[in-house]
Amino acid sequence: MGVRIPPPVQNKVNIMLKYFSEAFEELKSNVTWPAWAEVQKYTIIVALFSVIFALATWGVDLTFTKVLNGFFNLLKG
């Protein structure tokens, strides 16, 4: 004897399976995928921008840290 799945749950499973099946079919037939060279180019651009943004964030953080430390040391006397 197998496990009996109640009808409301089975209906939800069927709806989910239909949704994923239709979504996969749409990805296969209606989406225009970029060429591999274009994907590589944009990946490099995103990676470089991420590194530059991380360095800029680090620089701003370091500057604010030094400014705030100097301000509080000035208040301490």
Side-chain angles (χ1 to χ4, degrees):
M1 247 168 66
V3 177
R4 184 175 175 277
I5 300 175
V9 173
Q10 185 64 41
N11 189 28
K12 289 180 183 179
V13 170
N14 288 339
I15 291 171
M16 285 181 12
L17 288 175
K18 181 180 175 190
Y19 172 79
F20 285 117
S21 173
E22 289 174 358
F24 183 72
E25 186 60 37
E26 186 173 344
L27 284 173
K28 282 184 3 184
S29 60
N30 296 342
V31 174
T32 303
W33 296 97
W36 182 245
E38 190 177 9
V39 171
Q40 288 177 324
K41 181 178 87 171
Y42 289 137
T43 301
I44 291 170
I45 290 170
V46 168
L48 286 175
F49 179 77
S50 297
V51 169
I52 291 168
F53 189 74
L55 290 172
T57 303
W58 173 74
V60 169
D61 181 54
L62 187 64
T63 302
F64 275 121
T65 300
K66 288 183 178 183
V67 168
L68 287 175
N69 280 339
F71 176 73
F72 286 121
N73 285 337
L74 185 66
L75 288 178
K76 267 199 260 182

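Not counting sequence neighbours, the partners of Leu55 by the side chain to side chain contact (heavy atoms under 4.5 Å, CB included) test are Val51. The side chain to side chain contact (heavy atoms under 4.5 Å, CB included) search around Ile15 returns Asn11, not counting sequence neighbours. The side chain to side chain contact (heavy atoms under 4.5 Å, CB included) test applied to Ile45 returns Lys41, Tyr42, not counting sequence neighbours.
For the atom pair CG of Asn73 and CG of Leu68, the computed distance is 11.0 Å after rounding to the nearest 0.5 Å. Taking CE of Met16 as the start and CG of Asn14 as the end, the distance is 10.0 Å to the nearest 0.5 Å. With values rounded to the nearest 0.5 angstrom, Lys18 atom NZ is found 5.0 Å from Glu22 atom CD. The structure places CH2 of Trp36 at 7.0 Å from OG1 of Thr43, a figure rounded to the nearest 0.5 Å. Atom OG1 of Thr63 is separated from atom CH2 of Trp58 by 9.0 Å, given to the nearest 0.5 angstrom.
Under the 4.5 Å side-chain criterion, counting only non-hydrogen atoms from C-beta, Leu62 is in contact with Lys66.
Atom CD of Glu38 has more than 12 heavy atoms from other residues, nucleotides or ligands within 6.0 Å.
In this structure, Ser21 contributes its side chain and Leu17 its backbone to no donor-acceptor pair below 3.5 Å.
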